[in-house]
Amino acid sequence: MDKELAKTYNPQDIEDRLYKKWEDKKYFSAKVDKSKKPFTIVIPPPNITGQLHMGHALDNTLQDILIRFKRMQGYNALWQPGTDHASIATEVKIIEQLKKEGIDKDDLGREGFLERAWQWKEEYGGRIISQLKKLGSSCDWDRERFTMDEGCNKAVTEVFVNLYNKGYIYKGSRIINWCPVCHTSISDAEVEYEEQAGHFWHIKYPIVGEEGFVEIATTRPETLLGDTAVAVNPEDDRYKHIIGKHVLLPIVNREIPVVADSYVDMEFGTGVVKITPAHDPNDFEVGKRHNLPEINVMNDDATINENGGKYAGMDRYTARKLLVKELEELGLLVKIESHNHNVGTHDRCNTTVEPMIKPQWFVKMDELIQPAIEAVKSKEIQFIPERFDKIYFNWTDNIRDWCISRQLWWGHRIPAYYCQDCGEVMVAKEAPATCSKCGSTKLVQDEDTLDTWFSSALWPFSTLGWPEKTEDLDYFYPTDVLVTGYDIIFFWVIRMVFSGYEHMGKKPFSKVLIHGLVRDAQGRKMSKSLGNGIDPLEIIDQYGADALRFTLVTGNAPGNDMRFHWERVEASRNFANKVWNASRFIMMNLEKAKTEETIDESLLTIADKWILSKANKLVKETTENMESFELGIAVQKIYDFIWEEFCDWYIEMVKPRLYSDTDETKVAALWTLEKVLLISLKLLHPYMPFITEEIFCTLQEMLGRQEAESIMISAWPEYEAKYEYSKEEEAVELIKAAVKGIRNVRSEMNVPPSKKATVIVVSESDKIRDIFTESKVFFATLGHSDNVIIQENKAGVPDNAVSTVVPGVTVYMPFEDLVDIEKEIERLNKEKERLEGELKRVKGMLANENFVKKAPESKIAEEKAKLEKYTDMMNQVLERLAQFSK
RNA sequence: AGAGCCAUAGCUCAGUUGGGAUGAGCGUUCGCUUGACGUGCGAAAGGUCAUGGGUUCGAGCCCCAUUGGCUCUACCA
């Protein structure tokens, strides 16, 4: 490594090199060590089909910050990585790929297809991992897992068998969302509703044995073929008389009953609903309540089946068209209205889903969910921010049984075996050789695979070795924090929670840190179809991973969405550059002068004590912020401290001492610079790991010291009571106020910094004069003065000198002809007005009896101090004005 | 339909337990070859904290209502 930092900060030069070092040195590795406390995060496993997007970047940046922070604090920090097989997403991709080669999935057969899928996994599964590495993620890669690796498979089978034996998993015919293109059932969560312009067809159903009709309205006329009833609301006076009678289903000519069900909305449509239990979820429920037959009229590809009579074989939409035409010819079509309605589509392929009755496997949720509800209620598991527990409960309170079977090949095959001879169903970890009932050897395994979330639900413990009783599991479980987006609470978080309680008897994690979405500059979701996505890798290429991470975590509160602006990345890069150059400056000076590791603290000046005190306070506050997951607040404080306090004030204060050959406190300045820089770098490291590491190592090399091989395994700074210098802090703040006043006056009077001038500090207070005397060395430079005179009274101050007022002090600048007295009077009047406002507020408060009676002591004291301060300043201003009016 | 969130400077957003909004970044205006940095330094302008009530000595923050915007869940045949 170079002993010197490059002149300009260039992230490309350092990031890959440092990451390689960290990996080679195994800094990310976490091994069971009972002498240390564990801190564990499991990564939300990205899909093997995935490409790093801004959501991943945010999610993983947050995790890495927490892990690096805890690691430095001395925890045994494990970030458990891995990837998800993402059953349907991957299968869809592979089918697409096959299609390009002109191959049909079914031609390959199950074995052949799976072979292709594994090839895909080998080829692309690692891509997202290398992208996570570019971000700086400090995962323990030696522990990388995959939801379909041997251990996870074992866990899945174990769980399935356990739940089945306990009666929580059952097979049943239910109405499910069917994708006619993917040929699989999909869960409710995978259905997206989009509003589409459609029609309302009003159709007459003749009443059997009477004159007349009932009029129904439907958006899907083709489902008429499967109608087994019509329903009315029992309270509806219009239709009470026909309840229990029958109507004749047109075209099909089937007599179907009129049933009464409160599900029917009297206000909507005609108040009469056709009931098609096999093709509508609500109708299915109505059908169950009234014992109606379920007539499936569709094939798996959404063509009409043999139950559709002459419509058999037609596509559902063709059938719709022809059926409407036939109704019209029969004179049974009353009218067609335009009607916008929500149509469910499959989120992977955008096909309109078809509700169908299919035998599927389900997890019974009502009992399993109870501990998961209790855990959040009792705060054993906490959401950050807290408000997300409402969203969680909104879901748990309305939970329905979980359909876990998928008619796919890529995934965990359901461990159920059917006897071809007697029909016995056997669920077992190992394929049975013979039927447990009839002894037949003709057994076949269920063709279906499990919902991809079935395996991710086990992720917090399957990755640590479960179902084996491993040391890792014992030590690292339950994990500490789960970091994820709010969009995934119901898919994943809930399922991990109940699974943790059910299989481990313990919660999977204690805290759930929720973040929002990264949107584009206009606030839209980033999506492929809009083409408004920003590639995190492009940002890393241009500005560095540190800048990206910093951007993602700055100015954002947990759970809130954020907009992406390139300007913000630039601002982050500028900050990195600032840190780089400040470090360069410090190192330049340290190199010239020999410094020691310890210092005679009597050499510390007021300025040194001020910055040490500030840094000390920063350590305390940011550590607390980070412990309560207020990362945005912490990073803002670190930024402000480094840029403003440290660079703009302290470094400038110290320059005269650094450039002096005689100042005996020079060594204290150097010592302080080094110490505060180290604290700053360490606090910043979780947010900007690369640049801080580069500087840390270069600095150590240069000084010939080694606190640690890497900043990432160095000790997190700790608050030290001895560096609490409140007197010096206050004193320097007074000097700063005076300097600001001087700069303000000079700026308003158009006196350029190059024009050095005498400054006369007048204060009656010995204490204050001492402070200025002590600070003279930097006060002069910062105030662009070549001559600072400190005195008790105004003796010798020219009448036309301009001034600035701070508590206890008036600072005069005799600029002679450079100033315009009118302007000075105007300035003083402005200041007077401001002080009048302040005084009015403070006096009003203190004059309020109730305030004095009820407010806390400290608040009253605070206000009294302000009153004193403003009164003093006001007197000084008035005195000056009086002088000019003479 | 149910639930949740948001409304603070021109723009994008912070604001932890209620205690003058010296808020941040960007943008704007003025000045600066100050020996780390112009990806910089200094100064300044810019806010009735959506509206109306309430609680409180005191409200951007707590409570209620209203308006506007967004999201999730459910889904109407």
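Throughout, a chain's letter reflects where its sequence line sits, starting with A, and its residues are numbered from 1. Any value given below was found using the heavy atoms of this structure, including those in side chains, with hydrogens, waters and symmetry copies removed.
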Hits for ring-ring contact (aromatic ring centres under 6.0 Å, His included) against A:Y9, two or more places apart or cross-chain, chain-then-number order -> A:W580
Within the structure shown, what part of the strands sits under 4.0 Å from A:R400 by heavy-atom distance: base, sugar-phosphate, or nothing?
sugar-phosphate
Taking Watson-Crick and G-U wobble pairs with both distances under 3.5 Å, convert RNA chain B into its dot-bracket string, 5' to 3', dots for unpaired and | for cross-strand pairs.
(((((((..((((.....[...)))).(((((.......))))).....(((((..]....))))))))))))....
Does the base of [N] carry an N or O that pairs as donor and acceptor with the side chain of [X] under 3.5 Å?
| X | N | result |
| --- | --- | --- |
| A:E652 | B:rA36 | yes |
| A:R841 | B:rG20 | yes |
| A:R563 | B:rU12 | no |
| A:K853 | B:rC57 | no |

Considering only the [atom1] atoms, how many Å lie between [N] and [M], rounded to the nearest integer?
| N | M | atom1 | answer |
| --- | --- | --- | --- |
| B:rC62 | B:rC6 | P | 9 Å |
| B:rG25 | B:rC64 | P | 36 Å |
| B:rC49 | B:rU66 | P | 22 Å |
| B:rC5 | B:rC61 | P | 15 Å |

Contacts of A:E627 that satisfy salt bridge (Lys or Arg N to Asp or Glu O under 4.0 Å) - sequence neighbours left out:
none
Is the ring centre of A:F268 under 5.5 Å from the base ring centre of B:rA77, and are the two planes under 30° apart, so that they stack?
no
Is A:K578 close enough and on-axis enough to A:Y639, meaning under 6.0 Å and within 45°, for cation-pi?
no
Between A:F268 and A:H339, what is the ring plane arrangement, given parallel below 30°, perpendicular above 60°, and tilted in between?
perpendicular
